[in-house]
Amino acid sequence: DYINKNSQINKFYEEDDEVGSYIPTKHELQEINPDFKLLGENHSLINLGHVMCIVEGNIMVEFNQNIKEIVDLDTTIYNQNKQIVGFVFDVIGNIDSPIYDIHPFNIELLKQNGKLNEFDLNKFISVDKISVGENLYFDSLNSEKIDKNNLLLQHQKATDASNAYD
């Protein structure tokens, strides 16, 4: 049994056995790439908020105080030109002024899974073309939203980072 576990651990090391190679935890999620939503002709965009900072390719967006809902996880996010920026990976902070962690879609993984064709590539924008202070948007019709004033939200079970009790 020890040999079996050791071989499982070793498969996560790089071929050259470099010290500091990454080993995921038992319940850690691997690459996440939810389905993206293309905008329809009748769809309008709502201002999610402005880009606070970009850290390691992830975009942190400060909530727009004028909207009454919190945008749910996996919601597709757009720039003002209606190009896809990424998706809501996490919502952090207070429910009255949340911060959205926007992750870009993995284009190569979408292609491999047959979810993206060459025609749709121009509908995405690279993170390096996004600027701090720029406003980002979500689709008014195709987005799951949570009402901030819904008191039931405060009574939902919380989770920890391990994903063990989700």
Side-chain angles (χ1 to χ4, degrees), residues 12 14 18-25 27-39 43-113 115-116 120-150 153-154 156-166:
F12 292 110
E14 295 176 11
E18 190 176 295
V19 174
S21 295
Y22 180 72
I23 301 175
T25 61
H27 296 285
E28 184 172 351
L29 299 175
Q30 297 303 314
E31 183 73 36
I32 296 175
N33 223 14
D35 292 335
F36 62 90
K37 305 272 191 316
L38 296 175
L39 288 173
H43 295 219
S44 61
L45 295 177
I46 297 175
N47 185 345
L48 177 69
H50 70 274
V51 176
M52 295 173 52
C53 63
I54 300 172
V55 180
E56 295 181 9
N58 300 325
I59 304 166
M60 304 307 284
V61 176
E62 187 172 19
F63 177 71
N64 175 3
Q65 297 293 333
N66 295 327
I67 58 176
K68 294 182 176 26
E69 299 100 6
I70 297 172
V71 177
D72 207 357
L73 303 180
D74 297 341
T75 298
T76 303
I77 303 300
Y78 309 86
N79 69 356
Q80 67 181 5
N81 298 326
K82 298 185 177 183
Q83 292 174 299
I84 297 172
V85 174
F87 63 95
V88 176
F89 177 77
D90 200 3
V91 182
I92 57 177
N94 187 314
I95 63 169
D96 291 325
S97 57
I99 296 172
Y100 293 96
D101 180 5
I102 311 299
H103 283 211
F105 284 96
N106 182 329
I107 301 298
E108 293 306 316
L109 189 59
L110 287 172
K111 285 183 190 176
Q112 288 173 7
N113 293 337
K115 295 182 178 183
L116 182 65
D120 290 332
L121 277 177
N122 66 342
K123 296 179 180 163
F124 289 80
I125 186 168
S126 175
V127 173
D128 60 349
K129 301 219 186 313
I130 302 297
S131 304
V132 172
E134 181 177 345
N135 286 324
L136 296 182
Y137 304 85
F138 64 95
D139 184 355
S140 61
L141 298 176
N142 251 353
S143 301
E144 293 293 323
K145 297 170 273 303
I146 301 168
D147 186 352
K148 286 193 318 181
N149 299 322
N150 185 353
L153 180 66
Q154 296 175 0
Q156 288 182 353
K157 178 185 162 193
T159 62
D160 63 7
S162 73
N163 299 323
Y165 303 104
D166 295 349

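Being a predicted model, the structure only gives us computed values, none of them experimental.
- For the pair F124/I107, a side-chain contact is recorded, criterion being any heavy-atom separation below 4.5 Å from C-beta on.
- Here the shortest heavy-atom pairing between V127 and G57 reads CG2-O, 3.6 Å.
- Here the closest heavy-atom approach between residue V51 and residue S131 is recorded as CB-O, 3.6 Å.
- The two atoms that bring P104 and N58 nearest to each other are CD-OD1, 3.9 Å, heavy atoms only.
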Practice problem: Give the C-alpha distance, both sets of side-chain angles, the deciding distance and a yes or no for side chain to side chain contact (heavy atoms under 4.5 Å, CB included) between Y78 and K37. | Solution: CA-CA 10 Å; Y78 309 86; K37 305 272 191 316; 3.8 Å; yes
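- Considering only heavy atoms from C-beta on, L48 stays 4.5 Å or farther from Y137 through its side chain.
- Taking the ring centroids of F105 and F87, they lie under the 6.0 Å cut-off.
- Distance check, rounded to the nearest 0.5 Å: CD1 of I99 to CD1 of I59 gives 14.5 Å.
- In terms of heavy-atom proximity, G133 sits nearest to H50 at O-CB, 3.7 Å.
- A distance-only check finds no donor-acceptor pair linking the side chain of T75 to the backbone of V88 [under 3.5 Å].
- Applying the side chain to side chain contact (heavy atoms under 4.5 Å, CB included) test between I84 and each of L39, T76, N79, I77 identifies T76 as the sole match.
- One finds the CE atom of M52 at 13.0 Å from the OH atom of Y100 (value rounded to the nearest 0.5 Å).
- A pairwise comparison of heavy atoms in E134 and I130 identifies OE1-CA, 3.5 Å as the closest pair.
- For S44, the side-chain hydrogen bond (donor to acceptor under 3.5 Å, both in side chains) partners two or more places apart in sequence, or in a different chain, are S140.
- Atom CD1 of I125 sits about 7.0 Å away from atom CG of N81, to the nearest 0.5 Å.
- When all heavy atoms of V61 and G49 are compared, the pair lying nearest together is CG1-C, 3.6 Å.
- Side-chain atoms of L121 and L116, non-hydrogen and from C-beta on, do get closer than 4.5 Å to each other.
- Atom CD of Q80 sits about 10.0 Å away from atom CG of L45, to the nearest 0.5 Å.
- Rounding to the nearest 0.5 Å places NZ of K82 at 10.0 Å from NE2 of H43.
- Between the side chain of N64 and the backbone N or O of N66, at least one donor-acceptor pair lies under 3.5 Å.
- Here CZ of F63 is found 8.5 Å from CG of D96. Values are rounded to the nearest 0.5 Å.
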Exercise. Output, in order, the C-alpha distance, side-chain angles, deciding distance and verdict of side chain to side chain contact (heavy atoms under 4.5 Å, CB included) for D101 and I92.
Key: CA-CA 8 Å; D101 180 5; I92 57 177; 5.7 Å; no
